[in-house]
Amino acid sequence: MSVQGCYNFHDFRRLAKRRLPKPIFDYIDGGADDEATYRRNTSSFESCDLVPNVLRGVKEVDMSVTVMGQKLAMPFYCSPTALQRLFHHQGERAVAAAAGKFGTMFGVSSLGTVSLEEARRISNGPQVYQFYFHKDRGLNREMMARAKTAGIEVMMLTVDSITGGNRERDKRTGFSIPFRLNLTGLMQFAMRPAWGINYVTHESFKLPQLDNHVDMGGGAVSISRYFTEMLDPALDWDDVAAMVREWGGQFCLKGIMSVADAKKAVEIGCTGIVLSNHGGRQLDGSRSAFDQLAEIVDAVGDRIDVIMDGGIQRGTHVLKALSLGAKAVGVGRYYLFPLAAAGQAGVERALDLMRIEIERDMRLMGCTSVSQLGRGNLRFR
Ligand SMILES: Cc1cc2nc3c(=O)[nH]c(=O)nc-3n(C[C@H](O)[C@H](O)[C@H](O)COP(=O)(O)O)c2cc1C
């Protein structure tokens with residue numbers, strides 16, 4: 001199967017599975033514990049149905065949205081994800097270029113493998129910097145100043161990862177950064193020699209956002225130790241309020257799920273919240289963002305931009321989220337499998353397929369703009 005033969009999420013996932021060593025595929029594909037939240041993220045969209053209107057004159061369709069002051073040509077963006085050059089040597093460069101080409105936003109992770117400055121030069125679309133809060137306040141200030149100088153439009157603080165999730169697939173293969181594979185994991189790498197050749201013939205693996213602070217080479221601080229030793233589990237609302245003031249621009253919290261927290265985010269001056277359970281990779285058994293969306297939109301939707309991510313694989317999933325009041329949605333694995341399958345060409349094809357689906361679905365719904373989507377378009381079973 002080639003990338004041109006991929007028509008949906010599942011096709012790309014299959015192609016990525018063929019190309020990637022199993023430990024890496026499982027790192028992307030997996031969730032926490034029993035992966036119940038991971039599964040619910042997508043199946044939650046099936047608890048309701050779209051109710052179309054017809055004969056509305058839908059020749060021209062405008063799917064653009066404005067979220068946190070950023071105009072996006074499409075109502076979905078590439079959510080920040082870690083370690084992208086491990087999935088394909090083009091990594092974040094491919095995602096930045098594809099997002100820029102399609103006029104949408106993308107995020108660079110604190111655990112990104114290309115610097116936020118380089119990504120900024122590649123795309124002229126809005127860029128998010130995904131931040132983890134460190135014990136070292138000086139380091140936090142330095143990173144924010146760096147993001148500001150680079151011209152990052154949106155600061156996104158991830159708040160659902162105060163400790164790492166229990167990813168048992170990674171434990172079984174020994175997946176960690178730096179690599180400490182067990183025998184099974186090593187054999188699985190040996191079964192994908194093309195990936196290995198590609199990996200060693202391109203620039204060496206780096207985490208440029210953390211280069212000066214985390215020693216990847218000597219293994220002094222692995223990623224799991226980064227979470228347990230460098231991130232601050234004492235992080236509270238006062239710390240975040242200070243960060244919001246210091247940033248002085250578009251600031252959103254990723255991983256808000258309760259109404260109380262959504263209200264707090266408004267109080268401290270955030271301009272956006274992303275309802276997210278980190279793609280089911282953190283607290284298994286927690287609610288899906290889509291299930292929780294209406295409650296949060298009703299509580300704060302008139303005061304802050306409510307965004308969601310998790311489980312989105314189809315244009316109709318995007319339309320359902322927008323109908324409930326989300327301003328935009330983020331996708332993760334939806335672009336990561338295409339990246340792993342074919343680099344930039346894969347990401348571009350995936351974004352294009354989603355764009356085409358949304359346009360077609362809006363026509364079929366009788367909508368010419370996103371503002372025409374509302375609760376009236378939706379019935380829960
Ligand atoms: C492989 C992988 C790595 C991720 N890395 C990060 C990260 O570094 N920071 C972050 O805030 N979220 C991270 N996420 C979560 C995504 O930003 C997003 O919330 C999630 O993937 C959405 O779910 P979906 O994959 O079902 O679309 C990661 C997700 C995946 C699958």
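All figures in this text were calculated on a predicted structure; none of them were measured in a lab. Atoms within each ligand, like the ligands themselves, are counted from 1 in listed order. Just so it is clear, the values below take in all heavy atoms, side chains as well, and ignore hydrogens, waters and symmetry mates.
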ask   = Would R13 count as a cation-pi partner of Y334, with NZ or CZ less than 6.0 Å from the six-membered ring centre and within 45° of the ring normal?
value = no

message = Ring of F25, cation from R19 - is the NZ or CZ under 6.0 Å from the centre and inside 45° of the axis?
response = no

query = Does atom NZ of K17 have more than 12 heavy-atom neighbours from other groups under 6.0 Å away?
reply = no

ask   = Under 4.5 Å between side-chain heavy atoms, hopping through other hydrophobics if needed: is there a path connecting I312 to Y7?
value = no

task = Could you tell me whether R349 sits above the aromatic face of F12, with NZ or CZ closer than 6.0 angstrom to the six-membered ring centre and within 45 degrees of the axis?
result = no

ask   = Applying a heavy-atom distance cut-off of 4.0 Å, which protein residues contact ligand 1?
value = Y27, I28, S79, P80, T81, A82, S109, Q130, Y132, T158, K254, S276, H278, G279, R281, D309, G310, G311, V331, G332, R333, L336

inquiry  = Do L210 and M143 make a side-chain contact, defined as non-hydrogen atoms from C-beta onward lying under 4.5 Å apart?
reply    = yes

